[in-house]
Amino acid sequence: LAPGFDTTRAKALADAAIDALRAPIDAGDARVFIEGSIGIAPFSALRDDRIEVMRKADVALYQAKAAGRACASVYDGALDAALRRRGTLAADLRAALETGDGIAVHYQPIYDAATHRIVAVEALARWHHPTFGDIPPSEFIPVAEASPLITMLGAHVLETACRAAAAWPIEVVAVNVSPVQLRDRDFAHTVAEILARTGLAPHRLEIEITESAWLDPRGTEPETLVELHALGVHIALDDFGTGFSSLGRLSNAVFDRIKIDQSFVRHIIERSDDVAIVRAVVDLATAKGLKTTAEGVETAEAATLLALVGCDWLQGYWFSRPLPYAGMAQLLHEHVQSELIDA
């Protein structure tokens with residue numbers, strides 16, 4: 001409690017307390033280091049209920065922890081609203097997964113760079129909320145990852161995608177996997193069961209893991225990636241170039257494909273340095289025996305240049321946006337008919 005303090009002085013006091021906590025503590029033969037996070041709630045002794053003040057301080061504490069911990073944060077009403085929405089979404093997402101209402105899988109086609117033939121699709125989770133409308137994955141995936149819901153959601157998307165791909169004339173279906181799933185030691189067993197139920201051959205499934213997730217200090221279970229590879233499942237390193245992968249670590253990993261991040265692809269026609277970066281990634285992949293997919297292809301000129309640089313597969317809005325199941329099935333049917341006519 002700091003009577004008479006404004007938020008600026010309270011923040012300075014909290015920062016000083018956090019610095020004091022960082023001082024090492026000698027505990028027998030060991031030296032212990034601790035850190036603290038602090039939530040600050042301004043209040044008026046005449047107006048505010050003490051329970052509500054503590055709740056606001058707790059909300060601010062949550063904000064401090066979300067910002068990386070070991071810092072102080074002042075209560076913000078906007079965060080309070082965000083937390084309420086997050087709680088609502090978590091409850092509604094669970095209900096949607098249990099009933100199957102509102103959760104869908106869309107598919108974005110992936111094309112061979114040389115022939116422009118559809119060779120694969122990437123499965124993407126979509127959620128239409130009955131009240132809020134379409135919820136972007138950037139909002140509902142973190143909600144799922146903060147609870148066991150990610151296991152339910154991940155299994156639903158994986159099984160739905162494998163079942164669809166088993167009947168489609170494509171080589172591969174790519175499915176994004178959360179690092180939370182990869183830390184589950186039973187994940188490879190779950191994948192094996194889904195492949196058996198859907199009848200999809202293991203080599204036709206590609207598990208995508210983002211580079212940032214792969215580099216996360218909390219890590220993924222390396223045994224899980226090895227077990228997936230042993231099943232015959234392919235592993236792709238997604239968003240390559242956004243992290244700081246070392247060549248040594250990349251050499252020891254069980255990846256089959258590198259997906260070049262769209263930030264290097266979107267403006268490749270205008271930026272010669274992006275061309276050099278993409279060419280370097282392709283050369284690295286070739287040297288390691290890996291395939292490449294360029295994401296974010298938005299023009300015919302970019303598609304032509306990426307093929308010349310040596311990319312194997314291309315994906316982006318110039319070819320197609322993600323489509324619902326029926327739309328993807330129709331596109332594949334038309335694609336096959338077109339190939340028959342050309343033949």
Side-chain angles (χ1 to χ4, degrees), residues 90 93-94 97 103 105 108 110 120-127 137-163 165 172-198 200-261 285 288 290-293 295:
L93 180 58
R94 178 178 294 277
L97 287 168
I103 301 296
V105 179
Q108 186 171 31
I110 302 172
V121 298
E122 180 179 359
L124 302 162
R126 294 292 185 264
W127 182 23
S138 59
E139 183 174 9
F140 74 80
I141 295 297
V143 169
E145 288 181 326
S147 73
L149 291 175
I150 190 60
T151 300
M152 298 171 62
L153 177 62
H156 172 75
V157 172
L158 183 61
E159 182 151 353
T160 301
C162 288
R163 197 173 301 282
V172 167
V173 58
V175 181
N176 296 280
V177 172
S178 163
V180 178
Q181 293 173 269
L182 290 172
R183 287 196 288 270
D184 180 358
R185 290 294 295 116
D186 292 328
F187 181 67
H189 179 68
T190 299
V191 172
E193 289 183 332
I194 289 174
L195 290 171
R197 281 198 300 271
T198 60
L200 185 73
H203 70 274
R204 296 183 62 201
L205 173 62
E206 186 170 271
I207 295 294
E208 294 188 2
I209 172 175
T210 63
E211 185 180 31
S212 57
W214 181 52
L215 296 172
D216 192 318
R218 293 170 296 177
T220 58
E221 288 287 347
E223 296 86 356
T224 299
L225 296 180
V226 172
E227 289 168 3
L228 288 169
H229 219 245
L231 288 174
V233 173
H234 292 176
I235 312 293
L237 185 59
D238 197 10
D239 299 338
F240 187 79
T242 58
F244 300 94
S245 301
S246 70
L247 291 179
R249 188 175 181 192
L250 191 61
S251 297
N252 296 326
V254 290
F255 293 112
D256 302 282
R257 179 176 301 278
I258 288 176
K259 298 195 73 173
I260 304 168
D261 188 69
K288 301 304 300 178
L290 309 178
K291 298 296 185 180
T292 55
T293 298
E295 300 180 284

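- Remark: His189 pairs with Glu193 by the side chain to side chain contact (heavy atoms under 4.5 Å, CB included) rule, at least two apart or across chains.
- When every heavy atom of Ala155 is checked against every heavy atom of Gln181, the shortest pair comes out as N-NE2, 4.3 Å.
- When all heavy atoms of Leu231 and Ala188 are compared, the pair lying nearest together is CD1-O, 3.6 Å.
- Annotation: side chain to side chain contact (heavy atoms under 4.5 Å, CB included) contacts of Pro137 (sequence neighbours excluded): Arg126, Phe140, Ile141.
- Looking at every heavy atom in both residues, Ala285 comes nearest to Ile258 through CB-CD1, 4.2 Å.
- Atom OG1 of residue Thr292 and atom CZ of residue Arg257 lie 7.0 Å apart, to the nearest 0.5 angstrom.
- Across all their heavy atoms, Glu159 and Ile194 have their closest contact at CA-CG2, 3.6 Å.
- Here the closest non-hydrogen pair linking Val173 and Ala161 is CG2-CB, 4.0 Å.
- The NZ atom of Lys291 lies 10.5 Å from the OG1 atom of Thr293; values are rounded to the nearest 0.5 Å.
- Side-chain contact check for Asp184 versus Thr224: every heavy-atom pair is 4.5 Å or farther apart.
- Applying the side chain to side chain donor-acceptor pair (under 3.5 Å) rule to His229 yields the partners Asp256; only residues at least two apart in sequence or on another chain are considered.
- Taking the side chain to side chain donor-acceptor pair (under 3.5 Å) definition, one finds that Glu227 meets it with Arg185, sequence neighbours left out.
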Inset, instruction - Before giving the answer on salt bridge (charged side-chain N to carboxylate O under 4.0 Å, His left out), spell out for Lys259 and Glu122 the whole-Å C-alpha distance, their side-chain angles and the decisive distance to 0.1 Å. - result: CA-CA 12 Å; Lys259 298 195 73 173; Glu122 180 179 359; 3.3 Å; yes

Legend entry - Audit row: Leu158, Val177, side chain to side chain contact (heavy atoms under 4.5 Å, CB included) steps and yes/no: CA-CA 9 Å; Leu158 183 61; Val177 172; 5.9 Å; no

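- To the nearest 0.5 Å, atoms CZ (Phe187) and OG1 (Thr151) are separated by 9.5 Å.
- Leu195 places a side-chain heavy atom less than 4.5 Å from the side chain of Cys162.
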Inset, instruction - Show your reasoning for whether side chain to side chain contact (heavy atoms under 4.5 Å, CB included) applies to Val233 and Leu205. - result: CA-CA 6 Å; Val233 173; Leu205 173 62; 4.1 Å; yes

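- Residues Ala165 and Arg204 share a closest heavy-atom pair of O-NH2, 2.8 Å.
- Applying the side chain to side chain contact (heavy atoms under 4.5 Å, CB included) test to Ala90 and every residue at least two apart in sequence or in another chain returns Val143.
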Inset, instruction - List the steps and the verdict of side chain to side chain contact (heavy atoms under 4.5 Å, CB included) for Phe240 and Asp261. - result: CA-CA 5 Å; Phe240 187 79; Asp261 188 69; 5.9 Å; no

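- To the nearest 0.5 Å, atoms OG1 (Thr190) and CG (Asp186) are separated by 6.0 Å.
- In this structure Val105 satisfies the side chain to side chain contact (heavy atoms under 4.5 Å, CB included) test together with Tyr107, Ala123, Val157, Thr160, sequence neighbours excluded.
- Note that CD of Glu145 is 9.5 Å distant from CG of Leu153, once rounded to the nearest 0.5 Å.
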Inset, instruction - Check step by step if side chain to side chain contact (heavy atoms under 4.5 Å, CB included) holds for Met152 and Leu93. - result: CA-CA 10 Å; Met152 298 171 62; Leu93 180 58; over 6 Å; no

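- The line from CD1 of Ile209 to CG of Leu182 is 5.0 Å long, rounded to the nearest 0.5 Å.
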